Amino acid sequence: MYLDVFDRNPFGTNCWMLGAEGSEEAIVVDPGFEPAQLRSMLEAVGRRPVAVLLTHAHSDHAEAAGEYAGEDLPVFVHPADAVAYDDIEAWDPGFPNPLTPVKDLRSIQDGDVLELAGFRIEVQHTPGHTPGHCSFLLTQILVLTGDLVFAGSIGRSDFPNSDASAMQRSLRRFLALPDELPAHPGHGPRTTVGRERARNPFLVGL
């Protein structure tokens, strides 16, 4: 399997790039910065991007998605966060949230299965940090958690459009995953569901 991350940006946001073994394709998750650098990284390994997936629409995860996708690539995001592209005041993040316009913005819903780059990717709507935050589950391979869960911490749920109660439900959904499953967060190092269940002070006792 191809798996790489770009995190050299002011927020330390992880942009994950991955593709199945035997495929020449790749998906790009949360391209907030440096689209030219992301293209170069895929070109260096002979991978062709086929889609952009957004865990949520905060600019550190999504600002460069439109520029990266250009005319050809679809960008997938939950409709509750797609609002950020059309009416930022209605979405109300509580801070400036610049986003490059996206030509082909596509909606995803909880339970959708995307077949991309040789993977079957299950969409899990995990709101709380933002209304449309999603995690992406590659069964028995890994879960991309965005700003739901980090190694030793969790995402904030105190923004104007956050929902602390929804965050708790989303965290419990994360804990329903197998302990051995690798978790690749939106910031910081990789971890596993089991490690966070045992050590994360925000999850212990949930």
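Since this is a predicted model, take the numbers as computed values, not measurements.
For Glu180, there are no side chain to side chain donor-acceptor pair (under 3.5 Å) partners, not counting sequence neighbours. In this structure, the side-chain contact (heavy atoms from CB on, under 4.5 Å) partners of Ser162, at least two apart in sequence or on a different chain, are Ser157, Phe159. Remark: Arg172 engages no residue in a side chain to side chain donor-acceptor pair (under 3.5 Å) (not counting sequence neighbours). Judged as a side chain to side chain donor-acceptor pair (under 3.5 Å), and not counting sequence neighbours, the contacts of Thr126 are His133, Ser135. Here Pro10 pairs with Phe33 under the side-chain contact (heavy atoms from CB on, under 4.5 Å) rule; sequence neighbours left out. Qualifying side chain to side chain donor-acceptor pair (under 3.5 Å) partners for Arg190, counting only residues two or more places apart in sequence or in other chains: none. Ala183 meets the side-chain contact (heavy atoms from CB on, under 4.5 Å) test with Val143, Thr145, Phe174, Thr191; sequence neighbours excluded. Every residue two or more places apart in sequence or in another chain that forms a side-chain contact (heavy atoms from CB on, under 4.5 Å) with Val102 is listed here: Val75, Tyr85, Leu105.
For residues 105-114, every residue pair satisfying the side chain to side chain donor-acceptor pair (under 3.5 Å) rule, not counting sequence neighbours, is listed here: Asp104-Arg106, Asp110-Arg173. Each side chain to side chain donor-acceptor pair (under 3.5 Å) pair with one or both residues in residues 11-27, not counting sequence neighbours, appears once here: Thr13-Asp60, Glu25-Arg48. Applying the side chain to side chain donor-acceptor pair (under 3.5 Å) test to every pair with at least one member in residues 63-74, sequence neighbours left out, gives these pairs: Glu71-Lys103.
Residues Ile108 and Leu18 fall within the same hydrophobic cluster, defined by Ile, Leu, Val, Met, Phe, Trp and Tyr side chains chained together at heavy-atom separations under 4.5 Å. Hydrophobic clustering keeps Met41 apart from Met1 (ILVMFWY residues linked when any side-chain heavy atoms are closer than 4.5 Å, directly or through intermediates). Each of Val50 and Val52 belongs to its own hydrophobic cluster when Ile, Leu, Val, Met, Phe, Trp and Tyr are linked at side-chain heavy-atom distances under 4.5 angstrom. Hydrophobic clustering, with ILVMFWY side chains joined whenever heavy atoms are under 4.5 angstrom apart, groups Leu116 together with Val5. Using a 4.5 Å cut-off between side-chain heavy atoms of Ile, Leu, Val, Met, Phe, Trp and Tyr, with links allowed through other members, Phe6 and Leu42 fall into the same hydrophobic cluster.
A distance-only check finds a donor-acceptor pair linking the side chain of His187 to the backbone of Phe11 [under 3.5 Å]. Judged by distance alone, the side chain of Asp147 and the main-chain N or O of Gly155 form no donor-acceptor pair under 3.5 Å. Between the Asn161 side chain and the Trp91 main chain, a donor and an acceptor come within less than 3.5 Å of each other.
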Can you give me every donor-acceptor pair (side chain of residues 197-206, partner residue at least two apart or in another chain, under 3.5 Å) with its distance?
from	atom 1	to	atom 2	distance (Å)
Arg197	NE	Asp179	OD1	2.6
Arg197	NH1	Leu175	O	2.9
Arg197	NH2	Leu175	O	2.8
Arg197	NH2	Leu177	O	3.2
Arg197	NH2	Asp179	OD1	2.8
Asn200	OD1	Phe202	N	3.0
Asn200	ND2	Phe150	O	3.4
Asn200	ND2	Ser153	O	2.9
Asn200	ND2	Glu196	OE1	2.9

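Within the 4.5 Å cutoff, the side chain of Ile27 has heavy atoms near those of the Ile121 side chain. The side-chain heavy atoms of His125 and His78, taken from C-beta on, include a pair separated by under 4.5 Å. Contact of the Met17 side chain with the Leu38 side chain is registered, since non-hydrogen atoms from C-beta on lie closer than 4.5 Å. You'll find the side chain of Phe95 reaches within 4.5 Å of the side chain of Asn97, heavy atoms only. Here the side chains of Leu73 and Val28 are not in contact, with every heavy-atom distance at 4.5 Å or above.
Here the closest non-hydrogen pair linking Ala65 and Leu54 is CB-CD2, 4.1 Å. Considering every non-hydrogen atom in both Ile88 and Pro93, the closest pair reads O-CD, 3.7 Å. When all heavy atoms of Leu181 and Leu138 are compared, the closest pair comes out as CD1-O, 4.4 Å. Scanning both residues, Ser59 and Leu99, for their nearest heavy atoms gives CA-CD2, 4.0 Å. When all heavy atoms are compared, the tightest approach of Pro127 to Ser170 is O-OG, 2.6 Å. Pairing each heavy atom of Ala26 with each of Arg47, the nearest pair is CB-CB, 4.1 Å.
To the nearest 0.5 angstrom, His58 atom NE2 is 9.0 Å from Arg156 atom CZ. From Phe76, atom CZ reaches atom CZ of Phe136 across 9.5 Å, with rounding to the nearest 0.5 Å. Interatomic distance, Cys134 SG to Leu53 CG, rounded to the nearest 0.5 Å: 9.0 Å.
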| Does the pair Leu3 and His184 meet the rule for a side-chain contact (heavy atoms from CB on, under 4.5 Å), with working shown? | CA-CA 11 Å; Leu3 176 66; His184 291 60; 3.4 Å; yes
